[in-house]
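In this chain, numbering begins with 1 at the start of the sequence shown.
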Amino acid sequence: MHRTATSPPPSAFFIAGHLALDFINTEMGSGDARVECLTDDAQVLAWLQRASVSVDMAGLSAHGSSGALHAAALELRETAKQLLLARKTSAYENPVILNRFLARSCHYQELHWENGNPPACLHHQRISTLVDLLVPVAEAIAELVVSSDFNLVKQCENPVCTLWFYDRTKSHQRRWCDMSLCGNRMKVAAFRAKLKSK
């Protein structure tokens with residue numbers, strides 16, 4: 001899918017059932033059909049907001065150079081893909097790049113207690129640069145690689161679809177990234193092929 005210079009980047013899908021897989025899915029297709037959802041810093045920030053990842057930039061001492069967040073997001077996404085494929089095929093992949101992102105974490109807790117309400121513990125991350133905003137995504141990638149049942153981490157069965165998902169269905173028989181995107185198309189194609197063969 002080619003875009004003109006003035007057309008906005010396509011919106012990413014949030015259908016994977018796991019933050020790390022939704023992040024990997026911000027690049028779809030391949031070759032001439034490749035679609036990139038993260039085209040600049042603003043698009044990365046917009047994706048983080050849509051993914052409900054904290055993007056509170058209060059206290060940022062330096063926003064970093066223009067494009068730094070975008071470059072870091074693409075590097076983290078490529079690393080996530082490599083780790084995912086290695087884990088899926090029982091291979092080894094060096095986690096050094098992911099560990100570099102994880103090392104940026106600076107979590108702290110705050111006791112929040114308003115008069116008349118029960119106390120609650122709020123979790124925060126201290127942010128010093130825009131790239132630090134990717135720490136929760138890096139943590140989700142690490143959690144996926146370490147803790148997930150990789151029999152349930154699947155790629156859409158549509159041969160032209162590259163989207164991944166975590167199969168949380170009760171029967172674990174999910175085959176498509178989404179019924180409205182690929183499931184119905186593939187069912188219609190199979191039905192037409194069946195009619196032609198008669």
Side-chain angles (χ1 to χ4, degrees), residues 1-4 7-40 43-53 70 72-95 97-98 101 134 136-197:
M1 176 189 294
H2 295 289
R3 295 190 304 114
T4 65
S7 64
S11 290
F13 297 111
F14 288 89
I15 56 176
H18 195 287
L19 177 63
L21 296 174
D22 281 327
F23 184 62
I24 289 170
N25 289 343
T26 58
E27 180 184 45
M28 301 169 260
S30 59
D32 290 341
R34 182 180 168 276
V35 176
E36 175 61 72
C37 299
L38 306 179
T39 58
D40 55 27
Q43 288 302 315
V44 176
L45 286 170
W47 184 87
L48 290 168
Q49 288 174 326
R50 287 187 61 213
S52 299
V53 173
H70 177 242
L74 297 185
E75 180 183 36
L76 180 59
R77 187 180 66 195
E78 186 57 34
T79 296
K81 286 181 192 176
Q82 291 170 3
L83 291 167
L84 167 67
L85 292 172
R87 186 71 168 80
K88 190 75 177 153
T89 59
S90 300
Y92 168 77
E93 181 65 37
N94 191 329
I97 293 174
L98 179 64
F101 280 92
L134 295 171
V137 179
E139 291 171 341
I141 294 164
E143 182 273 327
L144 175 76
V145 171
V146 171
S147 303
S148 296
D149 179 347
F150 265 73
N151 292 315
L152 304 180
V153 176
K154 302 176 181 179
Q155 197 163 24
C156 181
E157 289 185 20
N158 180 346
V160 297
C161 183
T162 60
L163 298 181
W164 290 88
F165 59 88
Y166 198 98
D167 185 354
R168 298 183 188 278
T169 62
K170 191 171 183 178
S171 64
H172 302 308
Q173 298 299 313
R174 182 176 168 186
R175 300 174 58 198
W176 318 110
C177 61
D178 189 76
M179 281 306 293
S180 62
L181 293 174
C182 288
N184 288 337
R185 288 182 201 156
M186 295 304 291
K187 286 185 175 186
V188 168
F191 178 73
R192 287 182 180 155
K194 187 176 180 180
L195 287 179
K196 284 182 181 178
S197 67

Considering residues at least two apart in sequence or located in another chain, which fulfil the salt bridge (charged side-chain N to carboxylate O under 4.0 Å, His left out) criterion with D167? K154
Out of curiosity, [X] [atom1] to [Y] [atom2], how far, rounded to the nearest 0.5 Å?
X	Y	atom1	atom2	result
W164	K88	CH2	NZ	6.0 Å
F150	S90	CZ	OG	10.0 Å
C156	N25	SG	CG	10.0 Å
L152	R168	CG	CZ	8.5 Å

Looking at [X] and [Y], what are the two nearest heavy atoms and their distance?
X	Y	result
E36	T26	OE2-O, 3.7 Å
A80	I141	CB-CD1, 3.5 Å
C37	M28	SG-CE, 3.2 Å
S11	R50	CB-NH1, 3.7 Å
A140	L19	CB-CD2, 3.7 Å
Y166	L144	CD1-CD1, 4.3 Å

Taking E157 first and then R174, would you say they form a salt bridge - that is, a charged N and a carboxylate O separated by under 4.0 Å? no
Please determine if R77 and E75 form a salt bridge, counting it only when a charged side-chain N lies under 4.0 Å from a carboxylate O. no
Please determine which of L84, L74, L98, N94 meets the side chain to side chain contact (heavy atoms under 4.5 Å, CB included) test together with T79.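 When side chain to side chain contact (heavy atoms under 4.5 Å, CB included) is applied between T79 and each of L84, L74, L98, N94, only L98 qualifies.
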Mind checking what makes side chain to side chain contact (heavy atoms under 4.5 Å, CB included) contact with E93, not counting sequence neighbours?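 E93: side chain to side chain contact (heavy atoms under 4.5 Å, CB included) contacts with Q82, L83, A86.
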Does a side-chain heavy-atom distance below 4.5 Å link V137 with L76? yes
I want to check something: taking the side chain as every heavy atom from C-beta on, are Q155 and L163 in contact at a cut-off of under 4.5 Å?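 With C-beta onward as the side chain, the pair stays apart.
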Checking F165, W47, F23 against F14 for ring pair (Phe, Tyr, Trp, His ring centres under 6.0 Å), the one that qualifies is W47
Set of residues satisfying ring-ring contact (aromatic ring centres under 6.0 Å, His included) with respect to F13, sequence neighbours excluded: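 Counting only residues at least two positions away or on another chain, F13 forms no ring-ring contact (aromatic ring centres under 6.0 Å, His included).
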